[in-house]
Protein chains: 2
Amino acid sequence: MTGQAAQLPRVSPHRPPETPRLRADAQHNRDRILAVARETFATLGLDVPMAAIARRAGVGVATLYRRFPTKEALVTEAFAEQIAACVAVVDDALADPDPWRGFCSVIEKVCDMHAVDKGFTAAFLSAFPDSTVFDHQRAHAELGFVKLAQRAKDAGHLRADFAQDDLVLLLMANAGIVTQSPEAALAASRRLVAYLLQSFRADHTGPPPPLPPTTPLGLQDVFYRPKP
Amino acid sequence: MTGQAAQLPRVSPHRPPETPRLRADAQHNRDRILAVARETFATLGLDVPMAAIARRAGVGVATLYRRFPTKEALVTEAFAEQIAACVAVVDDALADPDPWRGFCSVIEKVCDMHAVDKGFTAAFLSAFPDSTVFDHQRAHAELGFVKLAQRAKDAGHLRADFAQDDLVLLLMANAGIVTQSPEAALAASRRLVAYLLQSFRADHTGPPPPLPPTTPLGLQDVFYRPKP
DNA sequence: CGAAAACCGGACGGGTCTTTCCGGTTAGTG
DNA sequence: CACTAACCGGAAAGACCCGTCCGGTTTTCG
């Protein structure tokens, strides 16, 4: 290790660390691209072609690639704030004095986010397994959730045999809920989460809480098509 | 409706309904293709290229397409017997005198099948939504499951607010369990099913049954990569 | 205002996947 | 054993998709 420069992304030799400041129109286009990408990824998932995003944003493909050198970079940046929101959800829950409520709120909020946003689910579940951009935040959130689960267990609300991997299990199961309409996805996700939270609970005093309603839509709507 | 021939798949004008009888080598190749397709779809999912299946089967791409005019046709035929097995599972369960055990066995067996076979999951969840080949069998199985659920409710074992759509919910959730190793998928699926069955149960007498073990593998292994 | 730097978009290269085409080969029969 | 219909495999057509190149345009600043 002769110098730390080798470990950093290549930047201009000795000038402002990371902000060359874009021209006004370029900045405007960049913002537009990001907004469109977020919306498109949320609706159609991560598989939309880059050209589609460029077209919707009203720019050429080259402009898109000038700002985001690769599709992965675009995805990463598009979901950065959602990842941050997830971390915040965990931190908020840790601040809640009620361990069980905190535990539930994390699961409910994160699953809601995933149910509403197809692309976020894919991005979160490591659509790009080589990407290490979010590793730090994910580790932080995971650690927070471990604390949360332990507190809930100690308080006797969470069953003792709840495993850490069960969070991943739940997230993957929730990711399986893919429907045509976002409303149906949200309703289905809520119902699944309600079922699972009931199983996670250790102390069953009184009747179980009522379930969220089933999706008012037909069964067919629940089936999805991978290649629209 | 002048003639029923228009509704049937095109067959030779007035000869055995559907069996032009292949030449020996052709039949051999066809069987081989089907076997390879089943194994490959199970391991890698439905996204494997047709050329890969042809190569593994030791035939050319054209031979593959000569027997199965489209990829969908190959998938359909490859999973026909699994679909039939699913239907049989429901019928078996209806023969079980214990309503709750029958209800559980359907869910457990079907989820096991899906956990072990990536491609089956995708095919089952209408990867080809326009295909109507399995509609009849699916309808039969669904009807059987409705009966099963009703019996379990009447016996007081299944919660009254269990909805028909909850089966689809569970299947989709189970489809979300995608891992690198089949063993991990099976373990995770079993655990998810155990959690959900516990929530589905109405009468909680005594302690809940123990959960299947968590996957012995690390967390990373649970995360999957869509494009290997 | 005018010139340079930054920016723009369409066309293009390289890759993958499904499906088709065509000349050579083989199984089965009289 | 010879002939023909059925069969075979590789090459290629057509459709996408990611990422790059290049000639023209716009912003910005002295």
Side-chain angles (χ1 to χ4, degrees), chain A residues 12 15-16 18-34 36-37 40-41 44-78 119 122-123 127-128 130-131 225-228, chain B residues 12 15-16 18-34 36-37 40-41 44-78 119 122-123 127-128 130-131 225-228:
Chain A
S12 58
R15 269 295 82 192
E18 279 265 29
T19 344
R21 237 194 260 93
L22 294 173
R23 223 168 72 176
D25 53 345
Q27 182 66 47
H28 182 259
N29 276 340
R30 202 191 121 99
D31 296 345
R32 200 172 164 66
I33 288 171
L34 261 185
V36 167
T40 310
F41 286 148
L44 281 345
L46 252 37
D47 281 343
V48 288
M50 291 292 263
I53 293 174
R55 187 165 30 78
R56 286 176 178 225
V59 302
V61 199
T63 303
L64 179 46
Y65 274 96
R66 205 169 299 116
R67 293 299 150 243
F68 307 94
T70 178
K71 186 171 187 176
E72 178 174 350
L74 176 62
V75 171
T76 299
E77 186 123 358
F128 302 102
D130 302 332
S131 168
R225 30 192 323 176
K227 294 171 184 174
Chain B
S12 57
R15 270 295 80 193
E18 278 264 30
T19 344
R21 239 194 259 95
L22 295 173
R23 225 168 71 177
D25 54 344
Q27 182 64 49
H28 182 259
N29 275 341
R30 202 193 121 99
D31 296 345
R32 200 172 165 67
I33 288 171
L34 261 185
V36 167
T40 310
F41 287 148
L44 281 344
L46 252 36
D47 281 343
V48 289
M50 292 292 264
I53 293 175
R55 186 167 30 77
R56 288 178 176 222
V59 301
V61 200
T63 303
L64 180 46
Y65 273 93
R66 205 169 300 115
R67 294 296 151 244
F68 306 94
T70 179
K71 186 170 187 175
E72 178 175 349
L74 175 63
V75 171
T76 298
E77 186 123 359
F128 302 103
D130 302 334
S131 168
R225 29 191 325 174
K227 293 171 187 176

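In what follows, every heavy atom counts, from backbone to side chain, and hydrogens, waters and symmetry copies are set aside.
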Quick one: [X] [atom1] to [N] [atom2], roughly how many Å, whole number?
X: A/His28; N: D/dT27; atom1: NE2; atom2: P; value: 12 Å
X: B/Glu72; N: C/dT18; atom1: CD; atom2: C1'; value: 13 Å
X: A/Leu64; N: D/dG19; atom1: CG; atom2: P; value: 10 Å
X: B/Asp47; N: D/dC16; atom1: CG; atom2: C1'; value: 14 Å
X: B/Met50; N: D/dA12; atom1: CE; atom2: P; value: 21 Å
X: A/Arg55; N: C/dC8; atom1: CZ; atom2: C1'; value: 18 Å
X: A/Arg21; N: C/dC7; atom1: CZ; atom2: P; value: 13 Å
X: A/Ile53; N: D/dC17; atom1: CD1; atom2: C1'; value: 12 Å

Along DNA chain D (nearest heavy atom to each residue), the more 5'-positioned of B/Asn29 and B/Val61
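Result of the comparison: B/Asn29.
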Spacing of CZ belonging to B/Phe41 relative to CD1 belonging to B/Ile53, to within rounding of 0.5 Å
3.5 Å
Taken to the nearest 0.5 Å, the spacing of A/Lys71 NZ from A/Asp47 CG works out to 6.0 Å
Would you say [X] places a side-chain N or O within less than 4.0 Å of OP1 or OP2 belonging to [N]?
X: B/Thr63; N: D/dC7; answer: no
X: B/Arg23; N: D/dT4; answer: no
X: B/Thr70; N: C/dT18; answer: no
X: A/Tyr65; N: D/dG19; answer: yes

Would you mind classifying the nucleic acid contact of [X] as base, sugar-phosphate or nothing, using non-hydrogen atoms under 4.0 angstrom?
X: A/Arg67; value: sugar-phosphate
X: A/Ala62; value: base
X: A/Ala24; value: sugar-phosphate

Determine whether a donor-acceptor pair (one donor, one acceptor, N or O, separation below 3.5 Å) exists between the side chain of B/Arg66 and the base of D/dG9.
yes
If you count heavy atoms of other groups shown closer than 6.0 angstrom to CZ of A/Arg67, is the number above 12?
yes
Please name the pair of heavy atoms, one in A/Ala122 and one in A/Leu46, separated by the smallest distance, quoted to 0.1 Å.
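For A/Ala122 and A/Leu46, the tightest heavy-atom pair comes out as CB-CD2, 3.5 Å.
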Measure the shortest side-chain to side-chain distance between A/Leu22 and A/Asn29 over non-hydrogen atoms and say whether it is less than 4.5 angstrom.
no
